[in-house]
Peer 1: 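I have a structure here, written as structure tokens, and I will follow up with some questions on it.
In listed order, ligands and their atoms are each counted from 1. In what follows, residues are counted from 1 in the order of the sequence shown.
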Amino acid sequence: MKLTSPTIVALSVLATQAQLLPFSSWLKPNNARLAPPSSRQHQQEAIMNPGIQLPNEPSKPDAPSTAGGNEGDSTVILSDVISSQRIINIFAGFTRDISSVSSRLDTTSQNTTVLAPLNSAISDLPRKPWEDPQDYAALGANAYSGEDGEDRAHRNLRRFAESHVVPVSPWKEGEKVKTMGGNTVWWESKKGSAVVQPGNVEVERVASKVKNGEVWVLKGVLNYAE
Ligand SMILES: *[C@@H]1O[C@H](CO)[C@@H](O)[C@H](O)[C@H]1NC(C)=O
């Protein structure tokens, strides 16, 4: 889908406000780069790397003991590891931008399962996560320009991000949970894969298991519209 110029304006303003580059970085996939990691993140990345490649894990996301790696290090938390994998760095950028989500991932007193769609799943969407057809219908091409437009885009992005944050971990098969965004989700095993419902969204793998939760990589996005 081609971006309209008001959207680009809204995006650049948002990106400037946030002083981060998730929006622009994935609009130009060839130049996609992570924001420079803080030295802490960098250290954690080095620590986490041996434990985050878990290709056999998605069929058994309820069996953390088989994952190997991360659980031993009790100081590493989700906010440390969410940005360590390039395949989900678009979504990781959203989690940093949306304060409700970033503080959730930064808290050690509550566990979270982050359902992070692959970069490709987000860039293949027919519209950007902060675009809502209803906004265009009501407001036309300028839906995301100006201050109101920025707020609107930010609200929509927040809804998208929060709809992929499950406030429970470990998350048992079949357990229906309301995400931070308010949508109810659960998961089940299907043909050897874990599939998040509703929508049959396949879990590619469990990318990280840390003290306050897990990061699951999704092959698609969940339905975040109300
Ligand atoms: C939080 O996750 C840890 C594993 O990382 C687990 O041992 C603990 O029981 C979980 N706490 C809750 C309240 O689910």
Peer 1: Short question: side chain of Glu202, backbone of Ala194 - any donor-acceptor pair under 3.5 Å?
Peer 2: no
Peer 1: Can you tell me if CD on Gln134 sees more than 12 non-hydrogen neighbours from other groups inside 6.0 Å?
Peer 2: no
Peer 1: With Lys190, which residues qualify under side chain to side chain donor-acceptor pair (under 3.5 Å), at least two apart?
Peer 2: Asn200
Peer 1: Can you produce the list of protein nitrogen or oxygen atoms under 3.5 Å from a nitrogen or oxygen of ligand 1, alongside each distance?
Peer 2:
| residue | atom | partner | partner atom | Å |
| --- | --- | --- | --- | --- |
| ligand 1 | 2 (O) | Asn111 | ND2 | 2.3 |
| ligand 1 | 5 (O) | Lys211 | O | 3.1 |
| ligand 1 | 11 (N) | Asn111 | ND2 | 2.8 |
| ligand 1 | 14 (O) | Asn111 | ND2 | 3.4 |
| ligand 1 | 14 (O) | Ser169 | O | 3.2 |

Peer 1: Can you name the side chain to side chain donor-acceptor pair (under 3.5 Å) partners of Gln110, sequence neighbours left out?
Peer 2: Arg104
Peer 1: Sequence neighbours left out, what passes side chain to side chain donor-acceptor pair (under 3.5 Å) with Ser103? Give chain and number order.
Peer 2: none
Peer 1: Determine, for Arg158 against Asp97, whether the closest basic-nitrogen to carboxylate-oxygen distance falls under 4.0 angstrom.
Peer 2: no
